Amino acid sequence: MDDQQRKGEDFRALHAGEPFVIPNPWDAGSARVLEALGFKAVASTSSGFAFTQGRLDGDVTLDQVVQHAEALDRAIGLPVSIDLEHGYDRDPERVALAIERVAAAGAVGASIEDNDPSQGIYELSHAVDRIAAAAQTAHALAFPFTLPARAENHIRGNPDLDATTARLQAFEAAGADVLFAPGLRTGEEIGRVCKAVSKPVNVLALRGMSMSEIVDAGAQRVSVGGGLTWIAVNAMAGAARSILAGDLSVLEGSPPLKDWFA
């Protein structure tokens, strides 16, 4: 069986099985660690990847993201999904092209959101057209490709859960395979979204939330976004401040890389 076919089928099967955590590596090394620790798939984080380029979230190009997708896929044997943000263009056909490009780089999934970085949330009919174009392209590929659609309004100044669920329902009807509304914080909110749609729901885990609450509310997939990146960066910055002040006691030996990278 073709390797991408296998990964695509494995990824699709995860969404039909028990609820699972899909962690978000920021580079090939972190992806290999997550694979070694036993995770079954990974999804890139746009903010974490942008950090590796010395940039803020939303400040990288599609070409860079495609290269990142290829690096992640080459580094591990797990299914890789890519955070494509808004698809790097307003036009539905260009969003579809972004799906094609990361699929050609080895990814078996990619998410599209409904927020333009410069102009805000897309009008619903245009947002639906974009998801429909992405879904048509994703489902025409020669291997299973999973498309999550993101409703960003909940974290973009309009935390109206009715508006969120209406958008997710429209994205489901347009062909999205997974529904994702970052910013949900309670079991009640998650439960309302899960009951409003029939496709698997991804929840972004945040500090203060519990895994049991998320799963009991009906979520199928749990991601952490840039969370792991910021744990690593904050630890590095804290140690660097201590070193700057003359304290070298914070230095540590290498982790078991020979085991993780075997």
Side-chain angles (χ1 to χ4, degrees), residues 15 22 43-47 57-60 62 65 81-103 107 109-141 145-204 206 214 217-223 225:
H15 291 84
I22 184 165
S44 72
T45 158
S46 63
S47 61
D57 194 14
D59 227 7
V60 297
L62 177 57
V65 171
S81 185
I82 296 298
D83 181 348
L84 273 177
E85 301 186 72
H86 73 305
Y88 300 94
D89 204 285
R90 290 182 56 85
D91 185 75
E93 286 71 25
R94 301 293 296 179
V95 173
L97 178 60
I99 295 290
E100 288 183 357
R101 292 193 61 190
V102 294
S111 62
I112 298 293
E113 61 191 48
D114 62 353
N115 179 69
D116 186 298
S118 61
Q119 300 182 34
I121 299 291
Y122 292 112
E123 190 271 327
L124 181 56
S125 63
H126 185 63
V128 168
D129 288 345
R130 288 160 40 84
I131 295 301
Q136 183 176 8
T137 295
H139 299 156
L141 293 168
F145 191 97
T146 300
L147 175 72
R150 293 175 49 148
E152 297 283 298
N153 66 290
H154 209 73
I155 58 171
R156 306 285 181 180
N158 180 26
D160 181 338
L161 199 57
D162 289 337
T164 303
T165 55
R167 283 182 166 263
L168 294 179
Q169 288 171 334
F171 296 161
E172 178 177 14
D177 301 305
V178 178
L179 291 316
F180 185 8
L184 303 180
R185 288 185 173 272
T186 68
E188 180 182 1
E189 291 176 340
I190 297 166
R192 283 180 60 185
V193 167
C194 292
K195 290 174 183 175
V197 298
S198 61
K199 295 289 180 66
V201 171
N202 183 98
V203 170
L204 175 65
L206 301 168
I214 294 171
Q220 174 65 20
R221 192 172 102 168
V222 181
S223 59

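As the structure is a prediction and not an experimental result, all values here were calculated from the model.
- Interatomic distance, His126 NE2 to Ile121 CD1, rounded to the nearest 0.5 Å: 12.5 Å.
- Residues His154 and Leu161 form a side-chain contact, since some pair of their non-hydrogen atoms from C-beta on lies under 4.5 Å apart.
- Looking at Gln220 and Val178, their side chains never come closer than 4.5 Å, going by heavy atoms from C-beta outward.
- Donor-acceptor pairing under 3.5 Å is lacking for the side chains of Thr146 and Asp177.
- Here Leu141 contributes atom CG and Glu100 contributes atom CD; the two are 7.5 Å apart, rounded to the nearest 0.5 Å.
- Here the straight-line distance linking atom CG of Asp91 with atom CZ of Arg94 works out to 7.5 Å at 0.5 Å rounding.
- A side-chain N or O of Thr164 and one of Asn153 form a donor-acceptor pair less than 3.5 Å apart.
- Atom-to-atom distance recorded for Ile82:CD1 and Ser46:OG is 10.5 Å, nearest 0.5 angstrom.
- Minimum interatomic distance between Leu62 and Tyr88 (heavy atoms only, all atoms of both residues): CD1-CD1, 3.8 Å.
- When the salt bridge (Lys or Arg N to Asp or Glu O under 4.0 Å) test is applied to Asp160, no partner is found at least two apart in sequence or on another chain.
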Donor-acceptor pairs under 3.5 angstrom involving side-chain atoms of residues 129-137: please list them, not counting sequence neighbours.
unit_1	atom_1	unit_2	atom_2	d
Arg130	NH1	His86	O	3.2
Arg130	NH1	Asp89	O	2.7
Arg130	NH1	Arg90	O	3.4
Arg130	NH2	His86	O	2.5
Arg130	NH2	Glu113	O	3.1
Thr137	OG1	Ala133	O	3.3

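- Counting all heavy atoms, side chain and backbone alike, Leu168 lies closest to Ala181 at CD1-CB, 4.0 Å.
- To the nearest 0.5 Å, the span separating CD on Glu152 from CD1 on Ile112 amounts to 11.0 Å.
- Rounding to the nearest 0.5 angstrom, the gap separating the CG atom in Leu184 from the CZ atom in Arg192 is 10.0 Å.
- Taking every heavy atom of both residues into account, Ala151 and Arg167 meet most closely at CB-CB, 4.1 Å.
- Phe145 and Ala107 make their closest contact through CE1-O, 3.5 Å (heavy atoms, listed as atom of the first residue, atom of the second, distance).
- Counting heavy atoms from C-beta outward, Val128 and Phe171 have side chains that approach closer than 4.5 Å.
- Considering all non-hydrogen atoms of both residues, Ala163 and Asn158 come closest at CB-ND2, 4.1 Å.
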### Query
What's the verdict on side chain to side chain contact (heavy atoms under 4.5 Å, CB included) for Leu179 and Val193, showing C-alpha distance, side-chain angles and the deciding distance?
CA-CA 9 Å; Leu179 291 316; Val193 167; 5.7 Å; no
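- Judged by distance alone, the side chains of Thr45 and Asp83 never bring a donor and an acceptor atom under 3.5 Å apart.
- Minimum heavy-atom separation, Ile155 to Gly183: CG2-CA, 3.4 Å.
- Inspection of the Glu123 and Ser125 side chains reveals an N or O donor paired with an N or O acceptor under 3.5 Å.
- Two residues are said to be in side-chain contact when any heavy atoms from C-beta on lie closer than 4.5 Å; Thr165 and Val197 fail this criterion.
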